[in-house]
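Remarks on the structure that follows.
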Amino acid sequence: MNVGGLLAEFLATTVGTIRDLLPIAAILLGFQFLVIREPPPHLRRIVIGFLYVLIGLSLFLLGLEKALFPLGRVMAEQLTAPAFIAGPGAVAGMLGWEDYGWVYLFAFAVGFSTTIAEPSLIAVAIKANEVSGGAIGIWGLRLAVALGVAVGITLGTFRIIVGAPIHWFIITGYVVVVVQTFFAPRLIVPLAYDSGGVTTSTVTVPLVAALGLGLAETVPGRSPLLDGFGLIAFASLFPMMTVMAYAQLSELRARRRDRLPEEVN
Amino acid sequence: MRDNLLAFLKITLGSLRDLAPVVLLVLVFQLLVLGQPLPNALELGLGLAFVVLGLTFFIFGLELGLFPIGESMAYAFARKGSVLWLLLFAFALGFGTTIAEPALIAVAGEAAAIAADGRMIEDSERAMARYALGLRLTVAVSVGIAIIIGVLRILRGWPIHLMIAGGYVLVVCMTAIAPKEIIGIAYDSGGVTTSTITVPLVTALGVGLASAIRGRNPMIDGFGLIAFASLTPMIFVMGYGMLYA
């Protein structure tokens with residue numbers, strides 16, 4: 001590995017990030033100066049902040065591409081190969097859904113660990129902590145969302161292996177979310193709905209897609225195109241439930257704590 | 001200067017902790033479960049250092065640039081009092097950040113290949129490119145409309161759960177009549193639309209608006225914009241599939 005090659009790759013990633021950032025910057029600038037017609041306060045700091053975001057995202061993406069993604073993809077392929085699952089000479093057609101234990105464990109661990117590292121979730125957690133005056137913990141929210149993604153992706157891999165139609169799972173999930181909404185504390189509901197969408201960006205999508213495609217290619221009768229995708233949908237559904245459950249649990253604990261001293265008196 | 005350095009170091013430590021689970025997962029599965037050595041340990045270490053540094057810079061820039069601009073624009077629009085401009089801004093933000101989204105471009109390409117396979121469209125480069133572009137425009141317009149709906153909700157104080165539940169009912173009804181090939185793509189397109197730059201910006205905008213308008217609670221009314229942005233693409237993409245069929 002030479003330094004020049006690395007630098008060239010970093011530049012290429014930076015150009016890609018600039019291309020993503022450009023339309024956003026143009027819209028912000030356009031409205032700021034043509035419609036609002038005054039510069040925002042601390043313009044210099046904001047520009048520096050944008051530069052940091054640009055450098056940060058480029059380094060982040062390059063590092064992922066260098067270190068984690070290739071390894072993750074190879075691991076997903078190896079774990080789903082029939083020879084690994086049931087010993088050499090095994091044919092995929094002989095395997096039942098219960099033979100895929102390592103795949104489920106891997107799916108759970110990938111969902112959990114990549115969500116903890118997801119930058120946009122960190123952003124939302126920081127904001128929620130600030131707005132709620134500390135009532136919603138940064139780590140509480142992130143762990144709840146990560147658990148949701150982990151469960152969602154595990155269930156999604158199970159669906160690919162048994163080949164059940166995706167919409168039954170998703171529709172059932174919606175029903176649970178809607179029912180849970182009526183019992184969850186009112187303050188958490190919008191944040192819970194949001195956390196479904198924020199989980200799936202830079203880190204999670206590439207690794208999860210690799211897992212789904214690997215599975216769909218080795219399990220007989222699955223189409224990589226139709227079944228390989230769809231894991232993302234699972235990953236955005238379950239965090240809504242776990243975040244609401246997190247708020248319900250905190251409320252329960254707070255209520256119990258409030259009640260105890262009264263009983264002692 | 002020293003404070004900045006201290007803050008930077010603190011965030012770096014946080015980034016290390018954030019990445020620890022992924023690194024642990026890769027090591028355990030690679031060495032213990034699969035029983036294979038680590039390829040290119042040097043490149044791996046360097047890549048991880050990049051990821052830690054990148055995450056640190058990103059979070060530093062978030063608090064310095066993305067959050068403040070989102071909030072200051074929300075306040076400026078609230079002061080200006082022009083709903084029309086605000087809604088136009090909302091649409092531009094949703095549409096502009098989605099149309100160039102790399103994940104969406106990838107999914108649209110896959111979707112065109114599936115459609116050509118299933119003989120929904122002609123199996124030619126041009127037909128597929130047209131289908132993919134149409135899909136991208138559909139998703140981008142739907143995200144623009146989602147942010148408009150979300151901003152209107154903040155202004156008027158409509159209850160979010162009824163709107164989201166209504167959206168789900170619509171998704172379920174359309175699933176029953178939409179062509180089978182489009183369903184998986186439609187469900188996934190909800191998740192891929194919200195990128196790492198869009199999420200902090202839109203969150204700051206929502207929270208800023210809810211704080212600027214009297215009678216709104218930033219916790220209840222400020223969040224929820226992302227939720228609409230992940231819901232409407234499903235409805236619009238299924239509609240697109242139905243029009244094409």
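Predicted, not measured: the structure shown is a model, and the values here were computed from it.
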Just so I know, are the side chains of [X] and [Y] near enough to count as touching, which here means a heavy-atom distance under 4.5 Å?
X        : Y        : result
A:Val189 : B:Ile164 : no
A:Lys66  : B:Leu46  : no
B:Val22  : A:Val110 : no
B:Leu55  : A:Pro119 : yes
A:Leu57  : B:Phe57  : no
B:Gln36  : A:Gln78  : yes

Nearest 0.5 Å, what's the [atom1]-[atom2] distance between [X] and [Y]?
X        : Y        : atom1 : atom2 : value
B:Asp18  : A:Glu118 : CG    : CD    : 11.0 Å
B:Ile220 : A:Ile188 : CD1   : CD1   : 11.0 Å
A:Trp168 : B:Thr175 : CH2   : OG1   : 9.5 Å
A:Ile36  : B:Ser82  : CD1   : OG    : 10.5 Å

Contact winner vs chain A - [options], heavy-atom pairs under 4.5 Å:
options                              : value
B:Met234, B:Arg79, B:Lys80           : B:Lys80
B:Val169, B:Asp221, B:Leu93          : B:Leu93
B:Tyr168, B:Trp85, B:Tyr187          : B:Tyr168
B:Leu25, B:Leu44, B:Thr203, B:Val199 : B:Leu25
B:Ala20, B:Ser189, B:Gly14, B:Gly54  : B:Gly54
B:Asn217, B:Leu19, B:Leu48           : B:Leu48

Among [options], which residue has the highest count of heavy-atom pairs closer than 4.5 Å to chain B?
options                             : result
A:Leu59, A:Asp194, A:Ile46          : A:Asp194
A:Val124, A:Ile48, A:Leu79          : A:Leu79
A:Ala109, A:Gly16, A:Ala26, A:Gly30 : A:Ala109
A:Thr17, A:Ile122, A:Thr114         : A:Ile122
A:Ala123, A:Gly133, A:Ser132        : A:Ala123
A:Val47, A:Val177, A:Ile126         : A:Ile126

Is it the side chain or the backbone of [X] that comes within 4.5 Å of chain A heavy atoms, both, or neither?
X        : result
B:Leu201 : side chain
B:Val28  : neither
B:Val207 : side chain
B:Leu62  : both
B:Ile59  : side chain

How close do [X] and [Y] get, heavy atom to heavy atom, and via which atoms?
X       : Y       : result
B:Val51 : A:Gly63 : CG2-C, 3.3 Å
B:Val26 : A:Met75 : O-CE, 3.9 Å
B:Leu64 : A:Gly49 : CB-CA, 3.7 Å
B:Gly96 : A:Ile27 : CA-CD1, 3.8 Å
B:Ser72 : A:Pro40 : OG-CB, 3.8 Å

Using non-hydrogen atoms and a 4.5 Å limit, figure out which bit of [X] sits close to chain B: side chain, backbone, both or neither.
X        : value
A:Leu51  : neither
A:Ile170 : side chain
A:Trp139 : side chain
A:Leu191 : both
A:Thr181 : side chain
A:Glu38  : side chain
A:Val178 : side chain
A:Ala128 : both

Applying side chain to side chain contact (heavy atoms under 4.5 Å, CB included) to A:Pro190 and not counting sequence neighbours gives B:Ile160, B:Phe223

So A:Phe106 and B:Phe29, ring pair (Phe, Tyr, Trp, His ring centres under 6.0 Å) or not? Walk me through it.
CA-CA 8 Å; A:Phe106 184 70; B:Phe29 266 83; 5.0 Å; yes

Other residues, nucleotides and ligands only: do more than 12 of their heavy atoms fall within 6.0 Å of NE2 on A:His42?
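At most 12 heavy atoms, drawn from other residues, nucleotides or ligands, come within 6.0 Å of this atom.
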
Is the count of non-hydrogen atoms from other residues, nucleotides or ligands lying under 6.0 Å from A:Arg19 atom CZ greater than 12?
no

Pair B:Phe60-A:Val53, side chain to side chain contact (heavy atoms under 4.5 Å, CB included): steps then yes or no
CA-CA 8 Å; B:Phe60 211 62; A:Val53 166; over 6 Å; no

Begin from the C-alpha positions of B:Glu71 and A:Lys127 and carry the test side chain to side chain contact (heavy atoms under 4.5 Å, CB included) through to its verdict.
CA-CA 11 Å; B:Glu71 276 182 19; A:Lys127 203 84 216 163; 2.4 Å; yes

Run the numbers on A:His167 and B:Val172 for side chain to side chain contact (heavy atoms under 4.5 Å, CB included), then give the verdict.
CA-CA 8 Å; A:His167 49 272; B:Val172 171; over 6 Å; no

Who pairs with B:Phe89 by ring pair (Phe, Tyr, Trp, His ring centres under 6.0 Å), at least two apart in sequence or on another chain?
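B:Phe89 satisfies ring pair (Phe, Tyr, Trp, His ring centres under 6.0 Å) with A:Phe31, B:Phe77 once adjacent residues are dropped.
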
Is the A:Phe60-B:Phe50 ring centre distance short of 6.0 angstrom?
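Centroid separation for A:Phe60 and B:Phe50: 6.0 Å or greater.
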
